[in-house]
Amino acid sequence: RKEITRGNAEYEKMINDLVNSDEFMRYGIIKDYNNTISELNQVLKNNNPAEEEAQEIEGVIQELKKEMLDELEKLQAEE
C-alpha cells in the first residue's frame, strides 16, 4: 500500500488484481467464518460447558461450516 501512495502504478494494479480475484474472495469468506468458529472452539475448550450446552455449541459450529461451504460453492458457481 505504501507503494501506491508513492504513485507506483505497477503495485496499484497488482493489488487491485489481488483484491478482485476469486482467491481473495474465498479467503475473505473463510477468514470471516474461521474467526467465529475458532471463538466457539475456545469456548468449548476453556469453559468446559455442560454436555447439553457443548452439543449445542458443536451444532452451531457445524452449521457455520455448512454455511461457509455453501458460500464457497456459490462463489465457485459464479465463476
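- Partners of Asn41 according to the side chain to side chain contact (heavy atoms under 4.5 Å, CB included) rule, which considers only residues two or more places apart in sequence or in another chain, are Ile37, Leu44, Ile61.
- With rounding to the nearest 0.5 Å, the separation of CG in Leu64 from CG in Asn35 is 11.5 Å.
- Within the structure, side chain to side chain donor-acceptor pair (under 3.5 Å) pairs that include any residue of residues 57-66 do not occur (at least two apart or interchain).
- Here the CG atom belonging to Asp22 is positioned 5.5 Å from the CG atom belonging to Leu75, to the nearest 0.5 angstrom.
- The side chain to side chain donor-acceptor pair (under 3.5 Å) search around Glu53 returns none, not counting sequence neighbours.
- To the nearest 0.5 Å, atoms CZ (Phe24) and CG (Asp17) are separated by 12.5 Å.
- The line from CD of Gln76 to CG of Leu69 is 11.0 Å long, rounded to the nearest 0.5 Å.
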Review point. Do Glu71 and Lys74 pass the salt bridge (charged side-chain N to carboxylate O under 4.0 Å, His left out) test, and can you show the C-alpha distance, the side-chain angles, and the key distance before you say yes or no?
Key: CA-CA 5 Å; Glu71 282 196 45; Lys74 188 177 6 174; over 6 Å; no

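- Annotation: side chain to side chain donor-acceptor pair (under 3.5 Å) contacts of Glu67 (sequence neighbours excluded): Tyr33.
- Residues satisfying the side chain to side chain donor-acceptor pair (under 3.5 Å) criterion with Gln42, sequence neighbours excluded, are Asn46.
- Expressed to the nearest 0.5 Å, how far CG of Leu72 lies from CD1 of Ile29 amounts to 5.0 Å.
- Looking at Asn20, its side chain does come within 3.5 Å of a backbone N or O of Asn16 through a donor-acceptor pair.
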Check your understanding: Does the side chain to side chain contact (heavy atoms under 4.5 Å, CB included) test come out yes or no for Thr36 and Val60, once each step is laid out?
Key -> CA-CA 10 Å; Thr36 305; Val60 170; over 6 Å; no

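- In this structure, Glu39 has no side chain to side chain donor-acceptor pair (under 3.5 Å) partners at least two apart in sequence or on a different chain.
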